[in-house]
Amino acid sequence: MKKFEEKSLRSNSIYKGKVISLKVDDVLLPNGNESKREIVNHPGAVAIIAITAEGKLVLVEQYRKALERSIIEIPAGKLEPGEKPEHTARRELEEETGYGCHELEYLQSFATSPGFADEVIHLFVAQDLYKIEEKADLDEDEFVELLEVTIEEAEEMVKEQRIFDAKTAFAVLWMKANQ
């Protein structure tokens, strides 16, 4: 058994939706006791640190119903079944920003909320951007506004909590460390 492993004894599927599913597992704890774990399954996602020729960070503002407000984020999107993260990153960059890129570099992957979800985001850096002549359409339920900001402007947005999600806060820190 792995250190601190919780072995699943039973699993009960509660909900299967378009983006996530929810299950409740009965688990055997390392001390021999049993407990329940509520787990959100997610197919995974990508996020893109897109940098313009002027060194600005490309962001999108959109409404997030779970937070009941708009926040400013780096472009991101859900992996489709069987889709490679690099392909998803290029598609989402085009859809959300109208930019393509000649240079796309994988940076790292990380869990978003490991206490209850299995979602992993694959983070990419996009440079040598170019405007797409025929921009791909956003999803029918997606509404975004494009912003291009300096690192100082992005840091101010973090302080003001206009940038409020972990992937974008990480992107701002990464930009500051790598400019």
Side-chain angles (χ1 to χ4, degrees), residues 1-50 59-93 95-96 104-126 138-144 154 157-178:
M1 214 159 122
K2 298 174 191 156
K3 188 175 184 179
F4 305 125
E5 181 177 8
E6 297 178 357
K7 185 167 177 57
S8 292
L9 303 172
R10 292 168 294 284
S11 188
N12 182 24
S13 178
I14 304 295
Y15 173 78
K16 286 189 185 291
K18 179 177 149 186
V19 177
I20 62 153
S21 61
L22 173 64
K23 66 181 182 176
V24 177
D25 282 5
D26 293 314
V27 298
L28 180 63
L29 300 173
N31 66 2
N33 293 332
E34 287 188 26
S35 190
K36 291 193 180 294
R37 297 291 184 251
E38 297 168 348
I39 301 168
V40 174
N41 294 123
H42 186 282
V46 300
I48 307 102
I49 301 172
L59 300 169
V60 293
E61 183 172 4
Q62 60 187 318
Y63 189 81
R64 292 300 193 181
K65 183 63 178 163
L67 298 176
E68 294 289 350
R69 69 185 187 113
S70 291
I71 62 172
I72 296 170
E73 305 174 59
I74 58 175
K78 178 176 69 74
L79 290 167
E80 296 300 332
E83 189 175 40
K84 292 186 184 321
E86 181 179 329
H87 179 78
T88 307
R90 289 183 184 278
R91 176 176 49 79
E92 289 295 334
L93 180 65
E95 286 177 8
E96 292 192 2
L104 185 68
E105 178 185 350
Y106 169 77
L107 190 58
Q108 72 179 74
S109 299
F110 53 86
T112 58
S113 299
F116 64 88
D118 67 355
E119 179 187 30
V120 170
I121 289 184
H122 307 281
L123 188 61
F124 291 85
V125 178
L138 292 166
D139 294 337
E140 65 183 29
D141 63 350
E142 195 171 30
F143 304 91
V144 302
M157 290 174 176
V158 171
K159 288 178 190 168
E160 296 167 350
Q161 295 189 349
R162 293 175 64 209
I163 290 177
F164 194 64
D165 68 299
K167 71 183 181 306
T168 307
F170 179 94
V172 172
L173 289 171
W174 184 90
M175 286 276 299
K176 186 168 179 79
N178 290 281

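We number each residue from 1, following the sequence as shown. None of these values were measured; they are calculated from a predicted model.
The minimum heavy-atom distance linking Glu92 with Lys78 is given by the pair OE2-N, 4.3 Å. When all heavy atoms of Glu96 and Val144 are compared, the pair lying nearest together is O-CG2, 3.7 Å. Val19 approaches Pro43 most closely through the heavy-atom pair O-CD, 3.2 Å. Here the closest non-hydrogen pair linking Glu119 and Ala45 is OE2-CB, 3.7 Å. Annotation for Ile163 and Ala169: closest pair CG2-N, 4.0 Å, computed over non-hydrogen atoms. Smallest separation of non-hydrogen atoms from Gln108 and Phe110: NE2-CD2, 4.2 Å.
The CZ atom of Arg162 sits 6.0 Å away from the CD atom of Glu61 when rounded to the nearest 0.5 Å. In this structure, CD1 on Ile74 lies 11.5 Å from CZ on Phe124, to the nearest 0.5 angstrom. Ile48 contributes atom CD1, which lies 11.5 Å from atom CD of Glu73 (distance to the nearest 0.5 angstrom). From Asp165, atom CG reaches atom CD1 of Ile71 across 4.5 Å, with rounding to the nearest 0.5 Å. In this structure, Ile20 CD1 and Asp118 CG are separated by 10.5 Å, a value rounded to the nearest 0.5 Å. One distance of note links CG of Leu9 with NZ of Lys36; it measures 10.0 Å at 0.5 Å rounding.
Residues Thr168 and Met157 have side chains not in contact (no heavy-atom distance under 4.5 Å, counting atoms from C-beta outward). His42 has its side chain out of reach of Thr112: every pair of non-hydrogen atoms, C-beta onward, lies at least 4.5 Å apart. Using a 4.5 Å heavy-atom threshold, the side chains of Ile121 and Phe170 count as separate. In this structure, the side chains of Leu123 and Lys167 stay at 4.5 Å or more apart for every pair of heavy atoms. Contact of the Arg10 side chain with the Glu34 side chain is registered, since non-hydrogen atoms from C-beta on lie closer than 4.5 Å. Annotation: side chain of Glu68 is in contact with side chain of Tyr63 (closest heavy-atom distance under 4.5 Å).
The backbone N or O of Asn33 lies less than 3.5 Å from a partner atom in the side chain of Asn31, making a donor-acceptor pair. No donor-acceptor pair under 3.5 Å is formed between the side chain of Ser13 and the backbone N or O of Lys23.
Contact check on Glu5 versus Lys3 returns no salt bridge, with no Lys/Arg side-chain nitrogen under 4.0 Å from an Asp/Glu carboxylate oxygen. Checked for salt-bridge contact, Glu86 and Lys84 miss the test: no charged N lies under 4.0 Å from a carboxylate O.
Taking a 6.0 Å sphere around CD of Glu83, one finds it holds more than 12 heavy atoms contributed by other residues, nucleotides or ligands.
Judged by the 6.0 Å distance and 45° axis criteria, Arg69 is positioned over the aromatic ring of Phe164.
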